[in-house]
**Student:** 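Before we start, here is the structure in question, set down as structure tokens.
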Amino acid sequence: MNDRRVQPHLPETSVPSRTSRRTSGRTSRRTVALCAAAVAALLASPLAAVAPAAAATKAPIADFNGDGYADLVINAPYATVAGTANAGYVSVVYGSSAGADTAHPQNLSLATSLIPGEASASHNFGMATAARDLDGDGYSDLVVGGYNKESSAILWGSAAGLSKATTLAGAVYDVVGGDFNGDGKGDLAVKSSEGLQIRLGPFSRSGVPADTSTLPVDERQETWDIAAGDMNGDGKDDLVTTHGFEERSYKSRWWPGTSTGVSSTYKTTGYYTVGGVIADVDQDGYGDYVSREVEAVSETMSYEAGTVRVVYGSSLGPSTRTKKITQDTAGVPGAGESAPITDEQYDGDQFGYSLAAGDVTGDGYPDIAVGVPGEDIGSIKDAGSVVLLKGSASGLTGSGAQAFNQSTSGVPGASETLDHFGASVTLADVNTNNRADLTVSAPTEDGTYQNSGAAWVFRGSKAGLTTTNITSFGPAALGAPEKEAFFGVGFAR
């Protein structure tokens, strides 16, 4: 599961994240500058803890061929496809007993015969992706969003993998899957040209949901990010949204799931946040909202050291029990570093820029992967890193945290200026050993072309992440387009 802000300086080549703040086809000024050289970013009393039962294998959310192994979806929405800039594509890497099977990928774009339409400039196919079984046939399906009305589609899963596609009407700027009415059918929350919509399953093969509703969101308080999960323990996924306008942030909002879908009323989480995932990190039966905390009014987000805020769930949704974690928290490797706002070249660490949840150790507690794409490695500016925070009966802490970068022994590659390793992260069990594996990207890694991007898959183990048998690959290894791909700017959720 995975998961992204004022632009003090925009590069000549600027790329928004997959959660770009868009509600009606325009970009808010409040976009995080991921790097000044290449990318405008993307992103009460404690409850009694209950020890989890021994972790049990469960079907992965993204399993397009139904073989029990989690599959990976890597977004490359800015790639040049068939000679067309910013046409975009997604690469699907299937899981297997040996891990990520990079020898048999599917590269999907509007230039692919599988998908109706044609590659066009600035369609940005792959800007947002989500995986859920939408038609109830037992195979996960893939929703792919783009910035134009003809650049979004559903690809249907089958025993052979993704094999058919249906065009979705309207632009899809962001999308996340869930089960908002608790009926066991896959549902979608979609930030689209039609507003913030809840589309309930099952879906027909023409892409029509069983029901659609639109949440009442003030256009002066734009929706930035969306996250799904059950915070009140009622068996229905809830929606958490983040909001702002230009330099102004608003407190994130919790919209509870109900038997008819997502409620049209909300309460705030109490904090100003961006991005975020929902996972029950203390296994008390209530999902917890983990996100990046920001200021109410901020023009300096891309220069910040970064803060992760945990808002614990309860029977009433977001509770007053919270936790703040930074790189200065005991047990967390490294140190939080910001950058002067006058510095037009380099960013702060941006701890929490990307987040993902999954049980890496197999102990039953979800862990949280934290991307730190602005981390300096020695004198190498903005090389980037990733930190794993462990879940436990007491919640999320710095105890036992791990950190990795491209200069870590056993990690393929080398730390380079402006790589932004950690810009996107996701956790999924690709080899079905009951431990989530971490996939982390560096979308500004150079290959044959500048900013072609790359991804690394770290294996989960009883002790945490390991550098043994890391799989690393860029678009060239998958036979996918490389030119300005920014491969890995996002993963399916």
Side-chain angles (χ1 to χ4, degrees), residues 1 3 23 44 47 58 61 128 130-136 140-141 143 154 168 172-192 194-204 207-219 221-243 250-271 273 276-281 283-291 311-321 357 366 493:
M1 299 173 64
D3 119 61
T23 55
L47 299 167
K58 60 181 180 180
I61 288 175
R132 284 299 188 282
D133 181 5
L134 299 177
D135 58 357
S140 301
D141 308 305
V143 181
I154 299 177
L168 284 178
V172 172
Y173 308 136
D174 198 8
V175 59
V176 65
D179 181 7
F180 300 113
N181 58 1
D183 66 353
K185 306 294 194 302
D187 306 323
L188 298 174
V190 180
K191 190 174 70 170
S192 75
E194 304 300 320
L196 181 56
Q197 292 186 330
I198 306 301
R199 303 180 186 179
L200 299 180
F203 285 66
S204 72
V208 178
D211 187 58
T212 300
S213 59
T214 302
L215 296 183
V217 177
D218 188 336
E219 65 179 13
Q221 299 179 15
E222 295 176 346
T223 302
W224 285 351
D225 308 293
I226 52 180
D230 184 6
M231 291 194 71
N232 60 2
D234 67 353
K236 305 173 186 68
D237 282 334
D238 313 313
L239 192 68
V240 175
T241 57
T242 68
H243 301 268
Y250 298 95
K251 291 181 179 179
S252 51
R253 301 168 183 177
W254 173 74
W255 310 74
T258 74
S259 60
T260 57
V262 175
S263 171
S264 60
T265 61
Y266 67 86
K267 77 173 187 179
T268 74
T269 66
Y271 292 89
T273 61
V277 293
I278 299 172
D280 188 2
V281 296
Q283 284 293 285
D284 65 352
Y286 305 110
D288 310 308
Y289 176 54
V290 185
S291 59
V311 177
Y312 289 93
S314 74
S315 61
L316 299 176
S319 72
T320 56
R321 178 190 170 207
R493 299 192 288 161

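We number each residue from 1, following the sequence as shown. Only heavy atoms go into these numbers, but all of them, side chains included; no hydrogens, no water, no symmetry mates.
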**Student:** Ring pair (Phe, Tyr, Trp, His ring centres under 6.0 Å) with Trp255: which residues, sequence neighbours excluded?
**Tutor:**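 If we apply the ring pair (Phe, Tyr, Trp, His ring centres under 6.0 Å) test to Trp255, skipping adjacent residues, the hits are Tyr266.
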**Student:** Is any side-chain heavy atom of Asp183 less than 4.5 Å from a side-chain heavy atom of Leu200?
**Tutor:**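 No, side chains not in contact.
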**Student:** Do Ser291 and Tyr271 make a side-chain contact, defined as non-hydrogen atoms from C-beta onward lying under 4.5 Å apart?
**Tutor:**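 In short, these two side chains do not touch, never coming nearer than 4.5 Å.
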**Student:** State, with a plain yes or no, whether a side-chain heavy atom of Thr258 is found less than 4.5 Å away from one of Asn181.
**Tutor:**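 Side-chain contact under 4.5 Å: no.
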**Student:** Check side chain to side chain contact (heavy atoms under 4.5 Å, CB included) between Ser264 and all other residues, then give those that pass, not counting sequence neighbours.
**Tutor:**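 Partners of Ser264 under the side chain to side chain contact (heavy atoms under 4.5 Å, CB included) test: Pro216.
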**Student:** Provide the closest heavy-atom pair for Tyr173 versus Ala128 in the form atom of the first, atom of the second, distance.
**Tutor:**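 Smallest heavy-atom distance, with atoms named: O-CB, 3.6 Å.
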**Student:** Donor-acceptor check, side chain of Asp280 to backbone of Gly285, threshold 3.5 angstrom: yes or no?
**Tutor:**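 Yes, Asp280 side chain to Gly285 backbone: donor-acceptor pair under 3.5 Å.
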**Student:** Do the side chain of Asp135 and the main chain of Ser204 share a donor and acceptor less than 3.5 angstrom apart?
**Tutor:**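 Checking the backbone N and O of Ser204 against the side chain of Asp135, no donor-acceptor pair under 3.5 Å is found.
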**Student:** Listed by chain and number, what are the salt bridge (charged side-chain N to carboxylate O under 4.0 Å, His left out) partners of Asp179, not counting sequence neighbours?
**Tutor:**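 Per chain and number, Asp179 pairs via salt bridge (charged side-chain N to carboxylate O under 4.0 Å, His left out) with no residue.
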**Student:** Quick check: does any side chain N or O of His243 sit under 3.5 Å from a backbone N or O of Gln221, one acting as donor and the other as acceptor?
**Tutor:**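 Yes, His243 side chain to Gln221 backbone: donor-acceptor pair under 3.5 Å.
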**Student:** For a quick test of reading the model, state the closest non-hydrogen atom pair linking Ser252 to Val240 and the distance between them.
**Tutor:**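 That closest heavy-atom pairing would be CB-CG1, 4.3 Å.
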**Student:** Rounded to the nearest 0.5 Å, how far apart are CZ of Arg253 and OG1 of Thr269?
**Tutor:**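 The OG1 atom of Thr269 is 10.5 Å from CZ of Arg253, to the nearest 0.5 Å.
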**Student:** Can you name the closest pair of heavy atoms from Trp224 and Lys191 and give their distance?
**Tutor:**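 Heavy atoms only, the tightest pair is O-NZ, 2.8 Å.
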**Student:** Nearest 0.5 Å, what's the CG-CE distance between Leu239 and Met231?
**Tutor:**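 These two atoms lie 11.5 Å from each other.
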**Student:** Who are the side chain to side chain contact (heavy atoms under 4.5 Å, CB included) partners of Ala130, not counting sequence neighbours?
**Tutor:**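 Side chain to side chain contact (heavy atoms under 4.5 Å, CB included) check on Ala130 returns Val175.
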**Student:** Going by side chain to side chain contact (heavy atoms under 4.5 Å, CB included), name the residues that satisfy it together with Thr212, two or more places apart in sequence or in a different chain.
**Tutor:**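 Result, side chain to side chain contact (heavy atoms under 4.5 Å, CB included) vs Thr212: Gln197, Arg199, Pro209.
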**Student:** Check Arg493 with Asp174, please: is the shortest side-chain N to carboxylate O separation under 4.0 Å?
**Tutor:**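 Yes, this pair counts.
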**Student:** Any donor-acceptor pair under 3.5 Å linking the side chain of Thr242 with the backbone of Asp225?
**Tutor:**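 Pair found, side chain donor or acceptor close to backbone of Asp225.
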**Student:** Evaluate the criterion side-chain contact (heavy atoms from CB on, under 4.5 Å) for residue pair Leu134 and Leu188; output intermediate values, then yes/no.
**Tutor:** CA-CA 9 Å; Leu134 299 177; Leu188 298 174; 4.0 Å; yes
**Student:** Quick one: do Tyr286 and Ser319 satisfy side-chain contact (heavy atoms from CB on, under 4.5 Å)? Show the steps, please.
**Tutor:** CA-CA 10 Å; Tyr286 305 110; Ser319 72; over 6 Å; no
**Student:** Indicate yes or no: at least one non-hydrogen side-chain atom of Thr241 is less than 4.5 angstrom from one of Leu215.
**Tutor:**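 Side-chain contact under 4.5 Å: no.
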**Student:** Any side-chain heavy atom of Thr214 within less than 4.5 Å of one from Glu194?
**Tutor:**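 Side chain of Thr214 against side chain of Glu194, heavy atoms only: no contact under 4.5 Å found.
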**Student:** With distance as the sole test, does Lys267 use its side chain to make a donor-acceptor pair with the main-chain N or O of Gly317 at under 3.5 Å?
**Tutor:**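 Pair absent, no side-chain N/O of Lys267 close to backbone of Gly317.
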**Student:** Ignoring hydrogens, what is the shortest heavy-atom contact between Ala357 and Ala279? Give both atom names and the distance.
**Tutor:**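 Smallest interatomic distance, heavy atoms only, reads CB-CB, 3.5 Å.
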**Student:** Go through the steps to decide whether Ser259 and Lys236 satisfy the test side-chain contact (heavy atoms from CB on, under 4.5 Å), and finish with yes or no.
**Tutor:** CA-CA 8 Å; Ser259 60; Lys236 305 173 186 68; 4.3 Å; yes
**Student:** Once you round to the nearest 0.5 Å, how far does OG of Ser263 lie from CH2 of Trp254?
**Tutor:**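 Taking OG in Ser263 and CH2 in Trp254, the distance rounds to 8.0 Å.
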**Student:** Quick one: list whatever passes side chain to side chain contact (heavy atoms under 4.5 Å, CB included) with Asp230, sequence neighbours left out.
**Tutor:**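 Asp230 satisfies side chain to side chain contact (heavy atoms under 4.5 Å, CB included) with Asn232, Asp234, Asp237, Asp238 once adjacent residues are dropped.
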**Student:** With side-chain contact (heavy atoms from CB on, under 4.5 Å) as the test, would you mind laying out the steps for Thr273 and Val311 before giving the verdict?
**Tutor:** CA-CA 11 Å; Thr273 61; Val311 177; over 6 Å; no
**Student:** Which distance, rounded to the nearest 0.5 Å, do you find between the CZ of Phe203 and the NZ of Lys185?
**Tutor:**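 One finds 13.0 Å between CZ of Phe203 and NZ of Lys185.
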